[in-house]
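Values below: all heavy atoms of this structure, side chains included; hydrogens, waters and symmetry mates excluded. Computed from a predicted model, the values in this text were never measured in an experiment.
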Amino acid sequence: MFTPADYAFMSYALRLAEKGLYSTPPNPRVGCVITQNEQIVGSGWHERAGQSHAEINALNVAGVAARGATAYVTLEPCSHYGRTPPCADALIESGIAKVIISMEDPNPIVSGRGCALLERAGIVVQTGLLQADARALNIGFVARMTSQRPWIRLKTAASLDGKTALNNGISQWITGEAARQDGHRWRARSCAVMTGIGTIKSDNPRLTVRHVETSRQPKKIVLDSHLVIPLDAKLLQGEEEVFIFTALDEALEKKTVLKKMGVQVIVLPNNEGGVDLTRMMTMLADFGMNEVLVEAGCGLNGALVHAGLVDELIIFLAPHLLGNNAQGMLKLPELVNLEQKKVLRIQDLRMIGRDIRVIATFL
């Protein structure tokens, strides 16, 4: 169905799409390549939400050479008016003869409609080329569109015996510089970084991207059931949006101060006096968040895993031991039989500097 040239051009389109890894949210990462007689005449990628889509950028480069050409697009061209006009219409008007699409758009207002518009205009449409790669690149966008919640990654650093901090709370630094830089790359691609009040009290993190170049900082999410966050916490001092989820429907004075600081305080209690995690995820999706990176302590880590709300684990394992009394990665209920264990699929395993990085998903 697809030729070696098709694979090569779509691979290039995917590499172009990846250039928007840190900048396109909440939009998907998309690349486009236009060829004439198996020669590239135009290419482009979606660089930032609100700006031209990949197809438009590629068509602008191709100009009149687009007529009778083939377009390779990593995601189905949009068919609706958003902040920009429909890309399907632009492709039709350009005189493109064939469009090869990696994956259909999971957005219900687009899915299948872009392809249908192209086909009605007499354009040959093929889909499914390198679909798994395109899906992986936009895994958070897919999750938000199909499950109405973000893709949740939980990142943690631990010793080989699974400990994240000493019993007294000291945790800096368990892993080496290379692992910390890699961690910032995961921050950079995320729409938001989530933590708990315990981590703020013990580490006072900024939760900003510092070790990689990015034009966009992720938003910050704090779970603080009793709204005890210090007003001088470092993560409140930046320009990034901050969301604090709490179960406390009081403390009006503190809420007023936080609001004046630009913080959104959202009261979302569950029946146990904590934050309703499931409803929070739906709300984060409504806010347009595709990928959320959790960098928290064992309490919040365990609560999210226990609730089935973590999609992916990123664990950095350092080559040392901290002993039985050190703090663990996850606070989970005790199991009484092995059938209750949570089973993972290892997706990637590699050395990052002197540390081991494990990426795993839940079965």
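Annotation for Asp224 and Val228: closest pair OD2-N, 2.9 Å, computed over non-hydrogen atoms. The two residues Gly323 and Asp161 make their nearest non-hydrogen contact at N-OD2, 2.9 Å. For Leu14 against Ala134, the heavy-atom pair with the smallest separation is CD2-CA, 3.8 Å. Of all the heavy atoms in Ile174 and Ala165, the pair that sits closest is CD1-N, 3.9 Å. Heavy-atom minimum distance, Leu330 versus Gly302: CD2-N, 3.9 Å. The shortest heavy-atom contact between Val358 and Leu349 is CG2-CD1, 3.5 Å.
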Q.
Under the criterion side chain to side chain contact (heavy atoms under 4.5 Å, CB included), I'd like the reasoning laid out for Arg210 against Arg187: C-alpha separation, chi angles, the key distance, then a yes or no.
A. CA-CA 9 Å; Arg210 298 183 299 279; Arg187 278 187 188 180; 3.8 Å; yes

Q: Could you go through the side chain to side chain contact (heavy atoms under 4.5 Å, CB included) check for Val73 and Ile100 one step at a time?
A: CA-CA 6 Å; Val73 191; Ile100 298 178; over 6 Å; no

Q: Check the pair Gln327 / Leu166 against side chain to side chain contact (heavy atoms under 4.5 Å, CB included), numbers first and verdict last.
A: CA-CA 6 Å; Gln327 299 179 19; Leu166 300 181; over 6 Å; no

(Q) Working note: Asp249 + Lys255, criterion salt bridge (Lys or Arg N to Asp or Glu O under 4.0 Å); need CA distance, chi angles, decisive distance, verdict. (A) CA-CA 10 Å; Asp249 200 12; Lys255 288 178 184 176; 3.7 Å; yes

Q: I would like to know whether Val242 and Leu236 meet side chain to side chain contact (heavy atoms under 4.5 Å, CB included); could you show each step before the answer?
A: CA-CA 7 Å; Val242 180; Leu236 297 179; 3.9 Å; yes

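With rounding to the nearest 0.5 Å, the separation of CG in Leu293 from CD in Glu312 is 9.5 Å. Here CG of Leu59 is found 10.0 Å from CD of Glu93. Values are rounded to the nearest 0.5 Å.
The residues Lys220 and Glu240 are annotated as salt-bridged, a charged nitrogen and a carboxylate oxygen being separated by less than 4.0 angstrom. Using a cut-off of 4.0 Å between Lys/Arg side-chain N and Asp/Glu carboxylate O, Asp311 and Arg149 are scored as salt-bridged. The existence of a salt bridge linking Arg15 and Asp133 is excluded, since no basic side-chain nitrogen approaches an acidic carboxylate oxygen closer than 4.0 Å. A salt bridge does not link Arg113 to Glu76: none of the charged side-chain nitrogens sits closer than 4.0 Å to a carboxylate oxygen.
Residue Lys254 qualifies as enclosed at atom NZ: its count of foreign heavy atoms under 6.0 Å is above 12. Counting non-hydrogen atoms of neighbouring residues, nucleotides and ligands closer than 6.0 angstrom, the CD atom of Glu239 reaches no more than 12 such neighbours. For His306, the NE2 atom counts as loosely surrounded, since its 6.0 Å shell holds 12 or fewer non-hydrogen atoms of other residues, nucleotides or ligands.
Side-chain contact between Leu277 and Leu223: present, with at least one pair of heavy atoms (C-beta onward) separated by less than 4.5 Å.
One side chain, Thr3 or Asp6, offers a donor N or O that lies under 3.5 Å from an acceptor on the other. Checking Gln347 against Thr361 by side-chain atom types alone, a donor-acceptor pair falls below 3.5 Å.
Geometrically, Arg180 engages Trp173 in a cation-pi contact, judged by NZ or CZ lying under 6.0 Å from the ring centre and within 45° of the ring axis. Annotation: cation-pi geometry satisfied between Lys19 and Trp45 (NZ/CZ under 6.0 angstrom from ring centroid, within 45° of ring axis).
The aromatic rings of Tyr72 and Phe9 lie tilted to each other, with the angle between the two planes from 30° to 60°.
Every pair passing salt bridge (charged side-chain N to carboxylate O under 4.0 Å, His left out) that includes a residue from residues 283-292 is listed here, sequence neighbours excluded: Arg29-Glu291, Arg153-Glu291, Arg189-Glu291.
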